[in-house]
Amino acid sequence: MADFILALADFDRDRGWAALGHASLFDFLHRRLGLSAGAAQYRKTAAALIQRFPEVEAPLRDGRLCLMSVCELARVLTEENRGEVLPRFYGLSRREAQEVAVELQPQLVPARVVVTPVARLDFAQALQPVETAVPPPAEASAAIWPGPPPAGPPPAPAPTVQPLTSERSRLHVTVSREFLKKLEAARAALSHSHPGADAEAVLEAGLDLLLERQAKRRGLVKRPRKKAPSERPVEEAQTDAGDVPSEVRREVFTRDSGVCQWALDGGGICGSTFRVELDHVIPRAHGGPSTVANLRCLCKPHNDEAARQVFGDAWMDLFSRRAPPAPTSTG
């Protein structure tokens with residue numbers, strides 16, 4: 001890819017596309033090479049950027065700079081800030097690059113809430129022609145869609161986030177009519193404590209409640225219950241049933257900052273905050289206590305991996321979706 005971008009930079013500098021009858025490098029890439037408009041724009045922008053800033057070549061070649069983030073980098077990279085700004089884009093995804101770009105060059109965009117009706121079309125119905133005089137033969141149907149059509153409609157598109165400034169972003173999400181009804185009901189319920197609240201304020205209040213409930217489950221309460229003098233120290237606290245006491249849970253989540261502590265081969269830790277659980281370093285099945293010293297935060301996949309290292313795949317497959325399907329009887 002880097003060699004191709006460098007060749008394009010020389011090709012563009014010499015206006016080779018003009019000799020071939022094209023109006024621009026983009027036109028050559030899109031019409032002559034058949035690249036999509038997006039792919040052509042990325043490569044055109046990268047070629048122009050390398051002509052202005054040759055130091056872009058090395059990070060693009062070794063993978064520190066993603067081609068998807070080049071357009072965002074080109075918006076903010078200048079002769080004055082080249083030494084400081086370029087390294088800030090290393091290792092970033094397109095969305096992360098957008099966030100850095102708007103931080104360096106914020107745009108004044110007013111906040112808004114837009115609701116656009118979207119028709120819910122059955123996926124199997126969408127495969128049928130709009131109007132036909134003769135039903136298509138079975139062979140043609142099989143060629144269009146091998147096997148039976150899916151039972152339900154396709155899943156809703158994933159939410160997308162468009163950074164606007166360093167503090168503001170625009171969220172695009174597809175919701176149901178029932179969701180909008182609940183949103184209005186929540187706005188009415190909060191009309192006393194949050195008069196005039198917009199959709200963001202209502203959703204943020206709901207998120208605060210969810211996070212507060214999750215914090216209570218982890219024992220991260222603002223005013224933890226004081227232990228009686230007769231209670232055992234946190235390091236020794238455990239129950240015969242193996243339950244983790246709230247003060248121990250709170251201590252472990254605070255110590256580990258609520259992120260996965262699984263050590264990576266290349267150094268550092270996993271650091272994931274998704275589906276984080278408490279894991280016994282010495283398993284409870286082997287007599288491991290529910291103490292702060294014997295507990296750590298792990299995400300679900302690494303918690304499962306830790307158990308497999310101790311008990312083996314054959315045993316853990318009995319409780320996991322990774323288990324192979326049971327053989328069917330032929331008799």
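Along the sequence shown, residues are numbered consecutively beginning with 1.
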Participant: Over 60° means perpendicular and under 30° means parallel, so tell me whether His22 and Phe28 are parallel, tilted or perpendicular.
Facilitator: perpendicular
Participant: To the nearest 0.5 Å, what is the distance between OG on Ser69 and CG on Leu92?
Facilitator: 6.5 Å
Participant: Kindly determine whether Met1 and Leu60 satisfy side-chain contact (heavy atoms from CB on, under 4.5 Å), including the steps that lead there.
Facilitator: CA-CA 8 Å; Met1 175 61 70; Leu60 190 63; 5.6 Å; no
Participant: From Asp3 CG over to Arg61 CZ, what is the distance, rounded to the nearest 0.5 angstrom?
Facilitator: 4.5 Å
Participant: Provide the closest heavy-atom pair for Ala40 versus Leu29 in the form atom of the first, atom of the second, distance.
Facilitator: O-CD1, 3.6 Å
Participant: Which atom names give the shortest non-hydrogen contact between Cys270 and Leu264, and what distance separates them?
Facilitator: N-CG, 3.9 Å
Participant: Could you grab the distance from atom NE2 of His280 to atom CG of Leu295, nearest 0.5 Å is fine?
Facilitator: 4.5 Å
Participant: I'd like to know if Arg95 pairs up with Glu99 as an ion pair, taking the criterion as any Lys NZ or Arg NE/NH1/NH2 lying under 4.0 Å from an Asp or Glu carboxylate oxygen.
Facilitator: yes
Participant: Would you compute the distance between atom CD of Glu184 and atom NZ of Lys182 and round it to the nearest 0.5 angstrom?
Facilitator: 14.0 Å
Participant: Is there a chain of hydrophobic side chains (I, L, V, M, F, W, Y, each step under 4.5 Å between heavy atoms) that links Leu298 to Ile282?
Facilitator: no
Participant: Give a yes or no on whether Val281 and Val310 share a hydrophobic cluster (residues Ile, Leu, Val, Met, Phe, Trp, Tyr; joining criterion: side-chain heavy atoms under 4.5 Å apart).
Facilitator: no
Participant: Could you tell me if the side chain of His30 sits less than 4.5 Å from the side chain of Leu35, heavy atoms only?
Facilitator: no
Participant: Do we get Arg82 above Phe53's six-membered ring, with its NZ or CZ under 6.0 Å from the centre and within 45° of the axis?
Facilitator: no
Participant: Can you find a pair of side-chain heavy atoms, one from His286 and one from Phe311, that are under 4.5 Å apart?
Facilitator: yes
Participant: Mind checking the SG-CG spacing from Cys297 to Asn303? Nearest 0.5 Å is all I need.
Facilitator: 10.5 Å
Participant: Treat each ILVMFWY residue as a node, draw an edge where side-chain heavy atoms are under 4.5 Å apart, and state whether Met316 and Leu318 are in one component.
Facilitator: yes
Participant: Which heavy atom of Glu84 sits nearest a heavy atom of Arg88, and at what distance?
Facilitator: O-CG, 3.5 Å
Participant: Check whether any side-chain heavy atom of Arg94 sits under 4.5 Å from a side-chain heavy atom of Tyr42, and report yes or no.
Facilitator: yes
Participant: Less than 4.0 Å between a side-chain N and a carboxylate O, is that true for Arg250 and Glu247?
Facilitator: no
Participant: Assess the side chains of Asp27 and Trp17: does a donor N or O sit below 3.5 Å from an acceptor N or O?
Facilitator: no
Participant: Between Asp62 (side chain only) and Arg64 (backbone N and O only), is there a donor and an acceptor less than 3.5 Å apart?
Facilitator: yes
Participant: Is there a path of hydrophobic side-chain contacts, each under 4.5 Å between heavy atoms, that joins Leu33 and Phe11?
Facilitator: yes
Participant: Salt-bridged, Lys300 to Glu277, with N to O below 4.0 Å?
Facilitator: yes
Participant: What do the steps show when you test Lys44 against Gln41 for side-chain contact (heavy atoms from CB on, under 4.5 Å), and what is the final call?
Facilitator: CA-CA 5 Å; Lys44 167 187 172 297; Gln41 181 64 28; 4.3 Å; yes
Participant: Going by heavy atoms in the side chains, are Leu25 and Arg15 under 4.5 Å from each other?
Facilitator: no
Participant: Could you give me the CA-CA distance, side-chain angles and deciding distance for Asn81 and Thr78, then say whether side chain to side chain donor-acceptor pair (under 3.5 Å) is met?
Facilitator: CA-CA 5 Å; Asn81 64 20; Thr78 65; 3.1 Å; yes
Participant: Atom CG in Leu8, atom CZ in Arg13: separation rounded to 0.5 Å?
Facilitator: 11.5 Å
Participant: Give me the atom names and distance for the closest heavy-atom approach of Val248 to Ser290.
Facilitator: CG1-O, 3.8 Å
Participant: Give the cluster check for Ile50 versus Phe26: same hydrophobic cluster or not, with ILVMFWY residues linked at side-chain heavy-atom distances below 4.5 Å.
Facilitator: no
Participant: Is there side-chain contact between Phe89 and Cys66, with heavy atoms separated by less than 4.5 Å?
Facilitator: no
Participant: Spell out, as yes or no, whether a donor-acceptor pair under 3.5 Å connects the side chain of Arg275 to the backbone of Pro301.
Facilitator: no
Participant: How close do Ala101 and Val76 get, counting heavy atoms only, and between which atoms?
Facilitator: O-CG1, 3.7 Å
Participant: Heavy-atom distance under 4.5 Å between the side chains of Glu57 and Leu6, does that happen here?
Facilitator: yes
Participant: Answer whether the closest heavy-atom distance between the side chains of Leu171 and Glu200 falls below 4.5 Å.
Facilitator: no
Participant: Is the shortest side-chain heavy-atom distance between Arg52 and Leu77 below 4.5 Å?
Facilitator: no
Participant: Before you tell me yes or no, could you show the steps for Val276 and Val259 under side-chain contact (heavy atoms from CB on, under 4.5 Å), namely the whole-Å CA-CA distance, both residues' side-chain angles and the distance that decides it to 0.1 Å?
Facilitator: CA-CA 7 Å; Val276 175; Val259 303; 5.8 Å; no
Participant: Determine whether His302 and Cys260 satisfy the following criterion, side-chain contact (heavy atoms from CB on, under 4.5 Å), listing intermediate values before the conclusion.
Facilitator: CA-CA 8 Å; His302 282 140; Cys260 178; 3.5 Å; yes
Participant: Looking only at atom types and distance, does a side-chain atom of Asp279 sit under 3.5 Å from a main-chain N or O of Arg296, one as donor and one as acceptor?
Facilitator: no
Participant: Does atom CD of Gln309 have more than 12 heavy-atom neighbours, drawn from other residues, nucleotides or ligands, at distances under 6.0 Å?
Facilitator: yes
